[in-house]
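Note that these values count all heavy atoms, side chains included, but never hydrogens, waters or copies made by symmetry.
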Amino acid sequence: MSEDIQTLRRDLEANNGMPGLEILRPDDVEAAVRIFLRDGFVVVRDALTADQVRYLRHGCEREAQALVARFPEGAGNRGLYRYSWGGASMTGSLLHREEWVMLVDLPTLTPILTAIFGSPDYHVRRAGGDFCLPGAVEYQRLHADIGDRAGGFVDPRGLVSIRDLPCPVVCCNFLAQDFTKTNGPTRQIPGTQNSREKIPELADEPLWMKYSTVCPAPAGSALIRDIRAWHGGTPNLSNEMRAIPNAAFLAPWFRERSVPSMPREMFDLLSEHGRKVCESVVTDAPLKTGYMLNPAWKQKSEWGKS
């Protein structure tokens with residue numbers, strides 16, 4: 001292990017983690033909505049049972065192996081040793097896989113999503129997520145997952161931004177393993193979902209933002225995010241993959257072009273509510289699935305260079 005990595009490990013072990021992080025139970029619906037609206041995210045434990053975590057973890061390992069095989073060693077489509085399933089999927093989603101179909105129809109989260117949106121009439125956008133492998137020793141730049149023109153929204157007067165509206169899209173990231181100080185926990189910057197400030201470049205990011213990570217948090221938790229909030233990946237100094245598969249949901253009033261990504265046989269596994277929220281992504285047509293190669297693998301690491 002290089003001296004740079006040893007120093008980084010000591011730094012993360014001493015400082016990483018969000019002060020005062022609240023982790024709620026699924027039945028804490030009112031508190032979950034309050035924190036979500038305040039911070040732009042909330043963490044809910046026990047969104048998945050132990051059996052569901054094992055099942056999901058197995059699916060993550062299978063799909064990670066398939067995606068990694070598409071890239072030169074160490075490369076990724078989200079940076080070195082970082083990968084996005086949805087970003088590489090031919091359908092933009094993994095709703096053809098039963099492990100991900102499970103995530104769009106969880107009774108532990110349906111009441112919270114319904115309360116956030118103020119209605120049960122929200123819609124599934126897609127399901128994917130990301131993972132990072134040992135060797136992902138660099139920070140990912142802070143970013144938001146949606147821009148001002150998303151969903152066709154634009155104010156010709158230039159007065160109203162999508163950041164002035166209620167939350168248009170909620171993304172639920174599921175912890176397939178514990179989030180620790182050193183295995184690449186997501187960092188979230190509280191209260192930025194409505195901010196019009198410029199997101200800082202990595203070199204300008206203050207240390208408190210780098211340490212503002214969602215840890216410690218147990219496997220089976222859901223990190224429920226307003227995708228306008230600033231967030232980013234952190235170094236994975238562990239010996240294992242850190243995986244956060246996800247499911248994303250559109251507000252009842254918000255629309256994006258639907259991409260067919262869920263086969264009918266997966267749709268039929270869902271509850272009545274699950275089928276209702278997946279109506280825009282189900283298809284009876286054959287789907288071409290698999291992963292595409294992304295030229296992002298050409299990135300070179302500057303870690304440890306003088």
- Look up atom CE in M292 and atom OG1 in T91, then write down how far apart they are to the nearest 0.5 Å. 8.5 Å
- Output the distance between atom CZ (R228) and atom CZ (R163), rounded to the nearest 0.5 Å. 7.0 Å
- Report yes or no: does N246 contribute a side-chain atom to a donor-acceptor pair with the main-chain N or O of G128 at less than 3.5 Å? yes
- Task: Side-chain contact test, heavy atoms from C-beta onward, threshold under 4.5 Å: evaluate it for T108 versus V44 and give yes or no.
- Result: no
- Indicate the atoms forming the closest heavy-atom contact of S238 with E240, along with that distance. OG-O, 3.0 Å
- Side chain proximity check, V281 to S93, heavy atoms < 4.5 angstrom: no
- Is there a donor-acceptor contact under 3.5 Å from the side chain of D178 to the main chain of A219? yes
- Note on the structure: Here the gap from E63 atom CD to R97 atom CZ, rounded to the nearest 0.5 Å, amounts to 4.5 Å
- Measure the shortest side-chain to side-chain distance between E99 and L56 over non-hydrogen atoms and say whether it is less than 4.5 angstrom. yes
- Item | Close side-chain approach of D145 and R225, heavy atoms under 4.5 Å | yes
- Apply the test side-chain contact (heavy atoms from CB on, under 4.5 Å) to residues I224 and I116: give CA-CA distance (whole Å), side-chain angles for both, the deciding distance (0.1 Å), then the verdict. CA-CA 10 Å; I224 304 173; I116 287 173; 4.1 Å; yes
- Message: Under 4.5 Å between side-chain heavy atoms, counting indirect links through other Ile/Leu/Val/Met/Phe/Trp/Tyr residues: same cluster for Y211 and L202 or not?
- Response: no
- Task: Would you confirm whether D268, through its side chain, and E265, through its main-chain N or O, come within 3.5 Å as a donor-acceptor pair?
- Result: no
- For L133 and V68, what are the C-alpha separation, side-chain angles and deciding distance, and is it a side-chain contact (heavy atoms from CB on, under 4.5 Å)? CA-CA 10 Å; L133 300 176; V68 169; 4.0 Å; yes
- Message: Within the structure provided, determine whether M266 and H96 are in side-chain contact (heavy-atom separation under 4.5 Å).
- Response: no
- Those residues at least two apart in sequence (or on a different chain) that pass ring-ring contact (aromatic ring centres under 6.0 Å, His included) with Y83 are F71, F131
- Query: Do the side chain of Q52 and the main chain of G220 share a donor and acceptor less than 3.5 angstrom apart?
  - Reply: no
- Is the side chain of T213 donor-acceptor paired with the backbone N or O of C215 at a distance under 3.5 Å, no angle test? no
- Heavy-atom closest pair (N236 atom, C132 atom, distance to 0.1 Å) is ND2-O, 3.3 Å
- Message: To check you understand the geometry: which heavy-atom pair defines the closest contact between R45 and P26, and what is its length?
- Response: O-CD, 3.2 Å
- Task: Run the numbers on L103 and C172 for side-chain contact (heavy atoms from CB on, under 4.5 Å), then give the verdict.
- Result: CA-CA 9 Å; L103 303 179; C172 297; over 6 Å; no
- Message: Looking at A251, is its backbone amide N or carbonyl O close enough to the side chain of H123 to form a donor-acceptor pair, meaning the two atoms are under 3.5 Å apart?
- Response: no
- Message: Please tell me whether F41 and L24 are part of a single hydrophobic cluster in this structure, the criterion being side-chain heavy atoms less than 4.5 Å apart.
- Response: no
- Message: Treating S89 as the side-chain partner and W85 as the backbone partner, does any N or O pair qualify as donor plus acceptor under 3.5 Å?
- Response: no
- Message: Treating R78 as the side-chain partner and Q140 as the backbone partner, does any N or O pair qualify as donor plus acceptor under 3.5 Å?
- Response: no
- Item | Within 6.0 Å of CG in N239, more than 12 heavy atoms from elsewhere | no
- Query: Could you state the interatomic distance from CZ (R187) to CD (E205), rounded to the nearest 0.5 Å?
  - Reply: 4.0 Å
- Message: Please check this pair: side chain of T192 against backbone of S195, looking for a donor-acceptor N/O pair closer than 3.5 Å.
- Response: no
- Message: Quick check: is I244 connected to L113 through a chain of hydrophobic side chains (ILVMFWY, heavy atoms under 4.5 Å apart)?
- Response: no
- Query: With the threshold set at 4.0 Å, does a side-chain nitrogen-carboxylate oxygen contact exist between D105 and R275?
  - Reply: no
- Task: Check whether V104 and V259 end up in the same hydrophobic cluster, where Ile, Leu, Val, Met, Phe, Trp and Tyr are linked by side-chain heavy atoms less than 4.5 Å apart.
- Result: no
- Item | Heavy-atom side-chain contact between L109 and F249 under 4.5 Å | no
- Item | Exercise: identify the closest heavy-atom pair between Q193 and R38 | NE2-O, 3.5 Å
- Would you mind reporting whether F179 and V43 have side-chain heavy atoms less than 4.5 Å apart? no
- Item | Electrostatic pair R242-D130, nearest N-O below 4.0 angstrom | yes
- Separation between CG of L12 and CZ of R10, rounded to the nearest 0.5 Å: 11.5 Å
- Task: Looking only at non-hydrogen atoms, find the nearest pair between W253 and C167 and report the distance.
- Result: CZ2-O, 3.9 Å
- Item | I23 with L37, same ILVMFWY side-chain cluster at under 4.5 Å | no
- Should side-chain heavy atoms under 4.5 Å link Ile, Leu, Val, Met, Phe, Trp and Tyr, which residues sit in the same cluster as W230? L142, I189, I199, W208, M209
- Pair Y122 and H273, ring centroids less than 6.0 Å apart: yes
- Task: Start with the C-alpha gap between R34 and E30, add the side-chain angles, then the distance that decides, and say whether salt bridge (charged side-chain N to carboxylate O under 4.0 Å, His left out) holds.
- Result: CA-CA 6 Å; R34 173 177 55 80; E30 185 176 340; over 6 Å; no
- Check the pair T182, E13 against side-chain contact (heavy atoms from CB on, under 4.5 Å), reporting the backbone distance first and the verdict last. CA-CA 7 Å; T182 56; E13 289 175 343; 3.8 Å; yes
- Salt-bridge present (E272, K276; N to O < 4.0 Å): no
- Message: On a heavy-atom basis, which atom in N77 and which in A88 lie closest, and how many Å separate them?
- Response: ND2-CB, 3.5 Å
- Task: Mark yes when over 12 heavy atoms from residues, nucleotides or ligands other than R264 sit less than 6.0 Å from its CZ; otherwise mark no.
- Result: yes
- Does a side-chain heavy-atom distance below 4.5 Å link M262 with V101? yes
- Atom pair SG/CG of C278 and L95 - distance to nearest 0.5 Å: 6.5 Å
